[in-house]
Amino acid sequence: MFEINIVFFVMGILLFVSVLVSRISTRLGMPLLLTFLGMGMLAGEEGFGIKFDNFTVATIISQMSLAMILLDGGLRTKLKVFRIALKPAVALASWGVLASVAILGVFATFYLHIDWKLGVLMAAIVGSTDAAAVFSLLRNSGVRLNERIQATLELESGINDPMAILLVSLFIGMIVKPEAASLGGTLLMLVQQLGLGLGFGLLAGKILAMLLSKIRLAEGLYALMIASGGLLVFSLTNLFDGSGFLAVYLVGVMVGNSHNSSTQHVLNVMDGLAWLAQAAMFLVLGLLVTPSRVWSHGLDALIIAGCLIFVARPLAVWSSLKWFNKYANKEIAYISWVGLRGAVPITLAIIPMMEGVEREHAQLLFDVAFAVVILSLLIQGTTIGWIAQKLNMILPPKPEPLDNREVWLAEKLAVNLLSFEVASGSDAENSHPQALTRQFGNASLFALVRDNQTINVNMTTQMQAGDIAWYVLPEDLGDEFALQFASADKQLREQQFYGEFVVNPDVKLRELAFMYGLKIQDDVADSTLLAAFRHAFGDVPVAGDCLDWDGVRVTVKELDEKSYVKSFGLKLPKK
């Protein structure tokens with residue numbers, strides 16, 4: 001019991017200190033995942049002396065943690081994301097991984113002077129982007145990207161693991177049992193991985209969502225039911241040689257998009273479980289590595305990471321997305337840059353250790369993969385916001401509710417309580433709280449909070465800067481309602497970006513030409529503005545997409561909950 005308690009004590013200390021240090025990490029712009037990884041390495045045999053080399057235990061913890069992270073990511077993925085970026089994400093998750101592995105594999109083979117099968121295996125291990133890193137860093141980067149880029153990156157990281165696992169399994173088989181490897185077997189494995197992952201994920205997700213809507217449990221048990229259901233589907237799919245990662249991600253998507261009283265209040269709990277999974281996984285992987293051995297391969301890893309980041313990934317992304325004309329060159333460049341590597345490559349690098357690859361070669365694969373992950377998080381992870389700014393990819397901050405609480409009054413009846421903070425210089429300042437609801441017939445004041453206390457609202461009440469106003473309001477009107485609470489500076493920045501005028505999607509191009517003196521070709525003059533954008537950007541234009549006619553810039557400004565365009569901004573050229 002003494003040894004067991006020592007283990008619990010050490011793990012508790014590592015997790016606790018990692019969370020505290022994360023505050024410093026955030027201020028320095030460092031990915032939080034590096035904090036957990038660094039703490040694990042610090043506690044290892046060349047740090048505090050904890051010797052841990054159990055690859056089986058590390059694999060179990062990593063696989064379970066990745067399943068939880070993907071489940072949480074799926075719960076937060078709206079179905080509209082698939083409508084926006086499914087085809088490009090599938091291209092990146094299939095051809096993009098293959099192209100990246102092929103380019104990097106050839107380079108690694110010649111640079112390291114190793115057998116080509118070993119070189120391509122090394123490329124396959126680091127070939128896929130990592131969901132944990134992408135979900136975490138994109139959602140905490142502090143920048144607002146257009147939905148197409150964000151959706152493409154998140155979907156790609158959520159569905160590209162099957163291809164990477166297939167390639168790793170294929171080349172390990174070619175190294176260990178070359179006589180058993182065949183093209184037919186490889187294709188069958190791919191179909192089996194994707195088909196079973198897709199089928200099990202969608203079916204189980206639908207069943208779990210239905211059960212959650214029918215069964216009444218204590219509130220604390222809903223998150224446990226979702227987590228255990230996700231792990232059950234993950235393991236069952238793997239037992240049938242399908243892709244458990246794809247299945248558990250789809251379970252999260254299906255459950256997260258089933259709008260009922262049992263799923264809406266568990267997201268914070270699931271978020272905590274996902275953070276715990278990330279912390280535990282990176283701590284264990286950090287304990288597994290020997291820093292001096294990784295450092296001895298540092299130069300090789302740096303050059304291989306450079307080839308991956310600056311050559312293989314950009315060429316793979318460009319060749320995958322060039323068929324989709326809705327992606328501008330700068331968007332392709334940004335998607336190339338945010339090809340973050342994380343726990344998945346390290347987990348895949350453990351497999352050769354366990355599958356009989358010669359120890360020296362397996363150790364080389366693990367050490368280089370680990371170093372590439374660290375370099376990816378350091379180089380790419382710390383510059384997500386900076387690169388977005390340099391490429392002019394950042395959209396102005398959108399006025400939005402401060403908080404959103406859903407109150408269920410019956411099994412299928414809920415109301416949304418949205419809160420808004422009164423900014424100095426906003427329309428809400430010095431206004432009566434009920435006066436702001438005049439344009440929103442189904443909105444009503446719920447409470448007004450000042451100095452952490454609710455105040456009684458009477459006929460003479462005026463809101464002050466810093467007040468928090470709570471309204472009963474449909475969620476889809478939240479952003480529009482928030483405009484009244486935004487500061488004049490924020491409104492000015494939005495106007496400078498989108499333009500001085502708001503244009504209806506159904507306006508004809510002929511009418512725009514007449515009003516603003518534009519030169520529009522006769523064959524498209526009777527088309528609507530929305531039709532012109534769909535022709536240029538595909539069926540789903542997103543906020544930030546813009547077209548230019550004679551210096552007059554028209555930009556998609558606002559979309560509804562189903563990603564249909566509600567309004568455009570029009571900006572006249574400077575005189």
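Note that the structure is a prediction, hence the values are computed from the model and not measured.
Within the 3.5 Å criterion, the main-chain N or O of L477 finds no donor-acceptor partner in the side chain of E480. In this structure a side-chain-to-backbone donor-acceptor pair under 3.5 Å is present from Y334 to I384. Under the 3.5 Å distance criterion, the side-chain polar atoms of D545 are matched with a main-chain donor or acceptor of V542. Without hydrogens or angle criteria, N146 side chain to G544 main chain gives no donor-acceptor distance under 3.5 Å. Proximity of a side-chain donor or acceptor of S419 to a complementary backbone N or O of D403 within less than 3.5 Å is detected. Although no hydrogens or angles enter the test, the distance criterion places a donor-acceptor pair under 3.5 Å between the side chain of K330 and the main chain of N392. A donor-acceptor contact shorter than 3.5 Å links the side chain of T77 to the backbone of G73. Between the side chain of R144 and the main chain of P396, a donor-acceptor pair closer than 3.5 Å is present. Checked by atom type and distance alone, the side chain of E429 never pairs as donor or acceptor with a backbone atom of S424 at under 3.5 Å.
Two rings, from F568 and F533, have their centers less than 6.0 Å apart.
The shortest heavy-atom contact between L445 and V457 is CD2-CG2, 3.8 Å. The two residues L208 and G229 have their closest heavy-atom pair at CD2-CA, 4.4 Å. Nearest approach of A151 to I84, heavy atoms of both residues: CB-CG2, 4.3 Å. Heavy-atom minimum distance, N404 versus L418: OD1-CD1, 3.5 Å. Closest heavy-atom contact between G478 and L473: CA-CD2, 4.1 Å. The minimum heavy-atom distance linking A532 with L509 is given by the pair CB-CD1, 4.1 Å.
Contact of the L221 side chain with the L224 side chain is registered, since non-hydrogen atoms from C-beta on lie closer than 4.5 Å. Residues K571 and T555 have side chains not in contact (no heavy-atom distance under 4.5 Å, counting atoms from C-beta outward). Contact of the V503 side chain with the S567 side chain is not registered, since no non-hydrogen atoms from C-beta on lie closer than 4.5 Å. For the pair Q484 and F420, the minimum side-chain heavy-atom distance is 4.5 Å or more. At least one side-chain heavy atom of M225 sits less than 4.5 Å from a side-chain heavy atom of L211. Counting heavy atoms from C-beta on, the side chains of T528 and V507 never come closer than 4.5 Å. Under the 4.5 Å side-chain criterion, counting only non-hydrogen atoms from C-beta, S243 is not in contact with F200. No side-chain heavy atom of L145 sits less than 4.5 Å from a side-chain heavy atom of L395.
Annotation for F82: atom CZ counts as buried by contact number, over 12 foreign heavy atoms lying within 6.0 Å. Surrounding CD of Q453 are at most 12 heavy atoms belonging to other residues, nucleotides or ligands under 6.0 Å away. Sparse packing is recorded around CG of D451, with 12 or fewer heavy atoms of other residues, nucleotides or ligands lying under 6.0 Å away. By the neighbour-count criterion of 12 heavy atoms within 6.0 Å, atom CE of M64 is sparsely surrounded, having that number or fewer from other residues, nucleotides or ligands. Within 6.0 Å of the CG atom in N458, the count of heavy atoms belonging to other residues, nucleotides or ligands exceeds 12. Within a 6.0 Å radius of CZ in R493, other residues, nucleotides and ligands contribute more than 12 heavy atoms. Other residues, nucleotides and ligands place no more than 12 heavy atoms under 6.0 Å from the CH2 atom of W95. In Q389, the CD atom is not crowded: 12 or fewer heavy atoms of neighbouring residues, nucleotides or ligands sit closer than 6.0 Å.
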Between Q434 and T437, does a side-chain hydrogen bond (donor to acceptor under 3.5 Å, both in side chains) hold up when you go through it step by step? CA-CA 6 Å; Q434 198 62 43; T437 65; 3.1 Å; yes
For side chain to side chain contact (heavy atoms under 4.5 Å, CB included), just list the numbers for V134 and E156, CA-CA rounded to whole Å, side-chain angles, deciding distance to a tenth of an Å, and then say yes or no. CA-CA 10 Å; V134 171; E156 178 203 7; over 6 Å; no
For the pair V472 and L417, evaluate side chain to side chain contact (heavy atoms under 4.5 Å, CB included) and give the outcome as yes or no after the intermediate values. CA-CA 5 Å; V472 177; L417 293 178; 3.5 Å; yes
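Residues R76 and E154 are not paired through a salt bridge, judged by the lack of any N-O separation under 4.0 Å between the basic side chain and the carboxylate. In this structure, R553 does not pair ionically with D548, as no charged nitrogen and carboxylate oxygen lie closer than 4.0 Å.
Ring orientation note: the planes of F245 and F234 are tilted relative to one another, at an angle of 30° to 60°. Taking the six-membered ring for Trp and thresholds of 30 and 60 degrees, F485 and Y471 have ring planes more than 60 degrees apart, a perpendicular arrangement.
S487 meets the side chain to side chain contact (heavy atoms under 4.5 Å, CB included) test with A423, D489, K490; sequence neighbours excluded.
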